[in-house]
Amino acid sequence: MLFQNGHLKVRNLEEKDNYLLTRWLSNPSVLEFYEGRDNPFDLEKVTKVFYNSNDQKFKCIVEFDDNEIGYVQFYQLDDETKTKYGYGDENIYGADQFIGKNEYWNRGIGTLLVTSLVSFLIENKKADRVVMDPQIRNARAIKCYQKCGFKKVRILPKNELHEGIYQDCWLIEYQKRCKASTKGTVGISKVKKEGGV
């Protein structure tokens with residue numbers, strides 16, 4: 001397990017999770033904002049994208065009350081991406097996530113996941129910033145991220161091909177706060193780390 005915050009646990013992706021990912025990534029409700037409804041995943045595609053890729057992403061399963069409910073990945077931004085986003089020589093992590101079981105939506109679990117992930121990245125990966133790029137039309141996700149302390153930086157025009165259309169996205173960021181100021185910081189002390197990446 002990478003970290004735990006109350007009933008929420010995040011652990012490394014395992015081979016046995018391929019069936020979970022296939023189920024979640026063939027659900028039109030999940031695909032509406034993650035990968036696209038015209039892009040459902042079967043077992044072969046899940047294996048290729050999540051298990052046989054050579055990317056530098058840390059891929060994880062999200063559990064709540066010991067039930068697997070979603071997926072999160074995080075990765076250190078490379079120099080090319082930092083330049084594209086207008087950043088300099090900082091330690092910046094990106095993240096993507098989804099709750100794959102609809103019955104766990106609108107219960108505050110996404111907010112708990114994002115705040116816990118930010119805490120983990122700042123404490124354990126020494127991230128200066130955490131960035132995401134949700135589609136502008138994904139109002140529910142953006143509201144969640146803002147609740148977690150993310151700020152809108154700028155629009156990334158035609159940033160993501162989704163269901164045959166290039167979608168505009170928001171570049172949003174959470175910037176590590178100075179130790180002297182605790183207002184608006186994520187509850188880092190609440191995150192229980194039980195294993196490293």
Side-chain angles (χ1 to χ4, degrees), residues 10 13 17-62 68-78 80-87 92-115 117-118 121 129-174:
V10 173
L13 183 69
D17 299 320
N18 58 355
Y19 290 99
L20 290 170
L21 290 170
T22 302
R23 185 174 344 125
W24 297 334
L25 292 173
S26 58
N27 177 344
S29 298
V30 173
L31 292 171
E32 181 179 357
F33 293 104
Y34 198 95
E35 296 295 335
R37 291 168 288 200
D38 61 342
N39 192 22
F41 281 60
D42 58 17
L43 199 54
E44 181 180 339
K45 188 171 182 179
V46 163
T47 300
K48 180 180 178 186
V49 171
F50 291 91
Y51 294 95
N52 291 340
S53 61
N54 291 325
D55 59 33
Q56 299 298 312
K57 295 175 180 170
F58 295 96
K59 300 169 181 158
C60 308
I61 291 293
V62 179
E68 291 109 347
I69 66 160
Y71 173 80
V72 63
Q73 63 186 19
F74 57 91
Y75 42 90
Q76 194 170 27
L77 263 57
D78 59 26
E80 181 182 337
T81 305
K82 286 194 280 189
T83 300
K84 173 186 168 187
Y85 288 170
Y87 293 116
I92 303 174
Y93 275 80
D96 308 290
Q97 59 280 318
F98 64 83
I99 303 294
K101 287 188 165 183
N102 302 39
E103 62 267 29
Y104 287 89
W105 292 5
N106 301 313
R107 293 176 50 187
I109 297 170
T111 302
L112 180 62
L113 171 61
V114 172
T115 56
L117 176 64
V118 167
L121 293 173
R129 297 176 198 259
V130 179
V131 298
M132 295 187 214
D133 59 352
Q135 294 174 24
I136 286 177
R137 63 188 191 89
N138 195 347
R140 185 175 61 183
I142 293 167
K143 183 179 177 183
C144 168
Y145 303 148
Q146 289 178 311
K147 194 187 308 183
C148 297
F150 280 80
K151 305 290 184 213
K152 292 178 178 176
V153 177
R154 66 182 171 97
I155 292 176
L156 303 170
K158 299 185 181 345
N159 189 60
E160 180 179 324
L161 181 61
H162 187 85
E163 298 182 353
I165 300 170
Y166 279 96
Q167 298 287 335
D168 294 344
C169 297
W170 272 110
L171 172 62
I172 61 172
E173 71 175 15
Y174 182 97

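All residue numbers in this chain count up from 1 along the given sequence.
- At a threshold of 4.5 Å between non-hydrogen side-chain atoms, the residues Met132 and Tyr145 count as touching.
- Side chain of His162 to main chain of Glu32: a donor-acceptor pair is present (N/O by atom type, distance under 3.5 Å, no hydrogens or angles).
- Rounded to the nearest 0.5 Å, atoms CZ (Phe58) and CD (Gln76) are 8.0 Å apart.
- Note that the SG atom of Cys169 and the CG atom of Asn159 stand 4.5 Å from one another [nearest 0.5 Å].
- Proximity of Ile69 to Ile109: side-chain heavy atoms (C-beta onward) are separated by under 4.5 Å at one or more points.
- Minimum interatomic distance between Cys144 and Gly110 (heavy atoms only, all atoms of both residues): SG-C, 3.8 Å.
- Residues Ile165 and Gln167 meet the side-chain proximity criterion, which asks for heavy atoms closer than 4.5 Å.
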Do Arg140 and Asn106 pass the side-chain contact (heavy atoms from CB on, under 4.5 Å) test, and can you show the C-alpha distance, the side-chain angles, and the key distance before you say yes or no?
-> CA-CA 9 Å; Arg140 185 175 61 183; Asn106 301 313; 3.7 Å; yes

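- A donor-acceptor pair under 3.5 Å is formed between the side chain of Tyr51 and the backbone N or O of Asn18.
- At distances below 3.5 Å, at least one donor-acceptor pair connects side-chain atoms of Asp168 with backbone N or O atoms of Lys158.
- Nearest approach of Glu68 to Ile61, heavy atoms of both residues: CG-CG2, 3.7 Å.
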Output, in order, the C-alpha distance, side-chain angles, deciding distance and verdict of side-chain contact (heavy atoms from CB on, under 4.5 Å) for Lys152 and Ile142.
-> CA-CA 9 Å; Lys152 292 178 178 176; Ile142 293 167; 3.8 Å; yes

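- Atoms OG1 and CG, on Thr22 and Asp42 in that order, are 7.0 Å from each other to the nearest 0.5 Å.
- Qualifying salt bridge (charged side-chain N to carboxylate O under 4.0 Å, His left out) partners for Asp17, counting only residues two or more places apart in sequence or in other chains: Arg11.
- Using a 3.5 Å distance cut-off with no hydrogens or angles, the side chains of Gln73 and Gln97 do not pair a donor with an acceptor.
- Taking CG from Asp133 and CG from Asn138, the interatomic distance works out to 11.0 Å, rounded to the nearest 0.5 Å.
- Rounding to the nearest 0.5 angstrom, the gap separating the OG atom in Ser26 from the CG atom in Asn39 is 11.5 Å.
- The shortest heavy-atom contact between Val10 and Cys60 is CG1-CB, 3.6 Å.
- The local environment of CD in Gln56 is sparse, with at most 12 non-hydrogen atoms from other residues, nucleotides or ligands closer than 6.0 Å.
- Proximity of Val153 to Tyr87: side-chain heavy atoms (C-beta onward) are separated by under 4.5 Å at one or more points.
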Please report the C-alpha distance between Val131 and Ile172 in whole Å, then the side-chain angles of each, then the deciding distance to 0.1 Å, and finally whether the side-chain contact (heavy atoms from CB on, under 4.5 Å) criterion is met.
-> CA-CA 6 Å; Val131 298; Ile172 61 172; over 6 Å; no

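- For the pair Glu80 and Thr83, the minimum side-chain heavy-atom distance is 4.5 Å or more.
- Judged as a salt bridge (charged side-chain N to carboxylate O under 4.0 Å, His left out), and not counting sequence neighbours, Asp38 has no contacts.
- Here Tyr75 pairs with Asp96 under the side chain to side chain donor-acceptor pair (under 3.5 Å) rule; sequence neighbours left out.
- One N or O on the side chain of Thr115 and one on the backbone of Thr111 form a donor-acceptor pair closer than 3.5 Å.
- Looking at Trp105, its side chain does come within 3.5 Å of a backbone N or O of Ile99 through a donor-acceptor pair.
- Annotation for Val30 and Leu25: closest pair CG1-CD2, 4.3 Å, computed over non-hydrogen atoms.
- Every residue two or more places apart in sequence or in another chain was checked for a salt bridge (charged side-chain N to carboxylate O under 4.0 Å, His left out) with Lys101, and none qualifies.
- Rounding to the nearest 0.5 Å places OG1 of Thr81 at 10.0 Å from CD1 of Ile92.
- Taking the centre and axis of the six-membered ring of Phe41, the NZ or CZ atom of Lys45 falls inside the cone set by 45° and 6.0 Å.
- Side chains of Leu171 and Ile155 form no contact here, defined as non-hydrogen atoms less than 4.5 Å apart.
- For Tyr71, the ring pair (Phe, Tyr, Trp, His ring centres under 6.0 Å) partners are Phe50, Phe98, not counting sequence neighbours.
- Residues passing the salt bridge (charged side-chain N to carboxylate O under 4.0 Å, His left out) test with Arg37 are Glu163, sequence neighbours excluded.
- Two residues are said to be in side-chain contact when any heavy atoms from C-beta on lie closer than 4.5 Å; Trp170 and Gln135 fail this criterion.
- Taking 4.5 Å as the limit, some side-chain heavy atom of Asn52 sits within range of a side-chain heavy atom of Thr47.
- When every heavy atom of Leu77 is checked against every heavy atom of Gly94, the shortest pair comes out as CD1-N, 3.3 Å.
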